Protein chains: 2
Amino acid sequence: MILLPVLASYVASNTPFVLYANCNVVYDGRASSLLSDGNFLTIYKSDGSLQIHGADKIMPRNYQGAKSRLSFDGRQLVSHNKREKILVNINQILQLLPLQEWSDHSIVINKTEKELVEKLLHDWQYFIDVECHTIVREYSTDYGPVDLVGVDIFDCKHVVEVKRRKASIKDVTQLRKYLECIPGAKGYIAAPNISPKASKYLSQHQCRFITIDFDA
Amino acid sequence: MILLPVLASYVASNTPFVLYANCNVVYDGRASSLLSDGNFLTIYKSDGSLQIHGADKIMPRNYQGAKSRLSFDGRQLVSHNKREKILVNINQILQLLPLQEWSDHSIVINKTEKELVEKLLHDWQYFIDVECHTIVREYSTDYGPVDLVGVDIFDCKHVVEVKRRKASIKDVTQLRKYLECIPGAKGYIAAPNISPKASKYLSQHQCRFITIDFDA
DNA sequence: ATTTGCATGTCGACT
DNA sequence: AGTCGACGTGCAAAT
């Protein structure tokens with residue numbers, strides 16, 4: 001097959017490429033897996049990452065993160081890093097493209113949790129309805145930082161965990177963890193919505209739900 | 001550009017394809033984002049999913065899940081589903097490949113959490129060191145199923161949360177949530193390892209750590 | 001349709 | 001290198 005030397009040259013020069021090939025994939029590392037023979041799409045990026053995609057799903061069938069080393073012995077692509085290894089056994093190359101001048105800039109994103117935190121901080125009184133002389137972002141505790149902590153005139157702390165989407169049970173467990181290190185504090189989940197079970201669990205622990213979303 | 005009608009035909013016939021193009025991407029849905037002009041790799045799969053990759057990372061810059069609808073108006077790829085929308089504004093097509101006969105079978109995977117659960121179940125005595133007349137997998141509680149619950153001769157319940165990798169603080173909070181619904185139970189985290197903070201948090205709550213891994 | 005928890009989660013930030 | 005938490009998490013299973 002005439003494309004094998006081309007592939008070899010891409011690997012040698014760390015050129016990113018897309019390879020459509022009949023192949024199978026063996027992975028061993030954190031888990032281990034086999035992908036049996038079929039036509040799959042392999043993407044190599046010059047950060048060292050490798051991913052093998054099937055005909056559906058967003059997630060690749062197999063993948064290896066950045067800073068992996070790729071090599072090619074004529075038939076087999078091998079990607080390995082400290083503790084993981086992928087073998088792509090190539091039966092037949094169907095398509096092969098180099099990806100030159102591939103851009104690496106990132107997206108600019110809105111509607112993040114950070115924005116909701118800012119919003120709540122700015123309009124604390126409206127959302128929490130308790131006057132606080134101090135409000136701290138990323139309040140540090142023994143078991144990690146809390147999104148927002150306000151201190152009222154009685155020195156009582158109001159601990160708020162903010163979520164960008166509907167709050168679930170595990171969000172409440174996260175809040176409880178923080179509450180344990182801050183004796184006497186009141187707990188809040190602030191989110192656009194909350195699931196019924198999470199809501200029940202929240203109120204059983206004398207915590208309150210605050211509605212907050214991205215609309216004006 | 002001669003490739004635009006080709007792209008149109010792929011979209012019309014729901015043919016999966018890889019498109020390398022100079023483009024920008026606008027997303028609005030759960031969040032909103034902008035990816036400014038650059039050369040990016042777009043993958044369309046016939047399950048309706050779309051993803052736009054940059055030159056690094058495993059994750060795409062933008063994506064849309066399965067069951068989305070793709071259309072093309074000559075310049076712009078549009079993918080939308082119930083509540084999300086992506087626009088890919090194409091300045092120039094650099095490469096375009098149809099992906100025929102793309103395989104959709106999945107990997108066969110080993111070293112899952114399920115395997116660790118089986119292992120612990122099979123050698124309960126060795127790991128937990130308490131004789132139990134009953135051991136239940138996926139034991140149902142008000143706040144979700146527990147991996148393993150054993151009942152000893154004093155009717156005391158031993159609640160085990162299994163993790164396939166190093167246990168962290170949030171794994172302990174998950175265990176505690178289950179313990180709350182089962183009064184008088186003893187709690188265990190079984191994992192290959194545990195972080196120092198998680199270990200401290202675990203012992204503060206009178207729970208035990210059990211070492212279990214994928215080796216023989 | 002909603003909710004939950006696993007995942008080779010990935011990724012970024014901070015220690 | 002280790003730990004932690006957000007993420008448009010994705011994804012499957014259970015309800």
Side-chain angles (χ1 to χ4, degrees), chain A residues 25 27-33 47 49 51-52 56-66 68 81-86 106-107 109-114 116-117 138 140-141 143-147 161-171 173-174 177-178 193-199 201 214, chain B residues 27-33 49 51 56-66 81-86 106-107 109-114 116-117 138 140-141 143-147 161-171 173-174 177-178 193-199 201 214:
Chain A
V25 184
Y27 162 74
D28 192 55
R30 286 174 289 179
S32 68
S33 73
D47 65 348
S49 66
Q51 47 193 301
I52 297 100
D56 54 17
K57 316 272 166 63
I58 295 296
M59 290 290 290
R61 294 296 195 270
N62 285 100
Y63 54 93
Q64 187 94 277
S68 303
N81 60 29
K82 188 139 298 181
R83 56 176 75 94
E84 297 182 293
K85 190 175 189 180
I86 284 184
S106 62
I107 61 172
I109 195 163
N110 291 298
K111 302 194 200 171
T112 59
E113 185 190 88
K114 188 156 177 275
L116 283 186
V117 170
E138 298 291 308
S140 178
T141 74
Y143 294 126
V146 184
D147 289 330
E161 179 59 33
V162 178
K163 290 295 153 185
R164 67 174 306 289
R165 59 172 188 171
K166 185 184 281 197
S168 180
I169 268 199
K170 75 182 221 288
D171 301 321
T173 65
Q174 189 185 353
K177 180 189 69 178
Y178 297 136
N193 205 339
I194 186 165
S195 77
K197 274 191 181 175
S199 179
Y201 188 57
F214 293 104
Chain B
Y27 161 75
D28 192 54
R30 287 176 286 181
S32 68
S33 72
S49 66
Q51 45 193 303
D56 55 17
K57 317 273 166 63
I58 293 297
M59 289 292 289
R61 293 297 195 270
N62 284 102
Y63 55 92
Q64 188 90 281
N81 60 29
K82 188 139 297 180
R83 56 176 75 94
E84 297 182 294
K85 190 176 187 178
I86 283 185
S106 62
I107 62 172
I109 195 164
N110 292 299
K111 302 194 201 170
T112 59
E113 184 190 87
K114 188 157 176 276
L116 283 186
V117 170
E138 298 293 306
S140 178
T141 74
Y143 292 125
V146 184
D147 289 330
E161 179 59 33
V162 178
K163 290 294 154 189
R164 68 174 305 288
R165 59 171 190 167
K166 184 183 282 198
S168 180
I169 271 199
K170 76 182 218 286
D171 302 320
T173 66
Q174 189 185 355
K177 180 189 69 178
Y178 296 135
N193 207 337
I194 186 166
S195 77
K197 277 190 180 177
S199 178
Y201 188 57
F214 294 105

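Letters go in sequence order (proteins before strands), and every chain restarts at 1. Predicted model only: the values in this text are computed from it and were never measured.
- In terms of modelled atom types and a separation under 3.5 Å, the side chain of B:Asp56 and the main chain of A:Asp47 share no donor-acceptor contact.
- A gap of 15 Å separates the C1' atoms of D:dA6 and D:dG10, to the nearest Å.
- Of all heavy-atom pairs between B:Phe214 and B:Thr112, the closest is CE2-O, 3.5 Å.
- In this structure, A:Arg164 contributes its side chain and A:Lys111 its backbone to a donor-acceptor pair below 3.5 Å.
- As rounded to whole Å, 14 Å separates atom C1' of D:dG10 from atom CD of A:Gln51.
- Across C:dT4 and C:dT8, the matching P atoms stand 22 Å from one another, rounded to whole Å.
- One atom, CG of A:Asn193, and another, P of C:dA1, lie 17 Å apart when rounded to the nearest Å.
- No donor-acceptor pair closer than 3.5 Å links the side chain of B:Glu138 to the backbone N or O of B:Pro145.
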Heavy-atom contacts, protein to nucleotides 5-15 of chain C, under 4.0 Å, summarised as B (base), S (sugar-phosphate only) or - (none) per nt, yield SSSBSSSS---
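- Distance check: A:Asp147 CG to A:Lys163 NZ gives 6.5 Å after rounding to the nearest 0.5 Å.
- Rounded to a whole Å, the NZ atom of B:Lys166 is 6 Å from the C1' atom of D:dG2.
- Summarising the geometry, atom OG belonging to B:Ser33 is positioned 8.5 Å from atom CG belonging to A:Asn110; distances are rounded to the nearest 0.5 Å.
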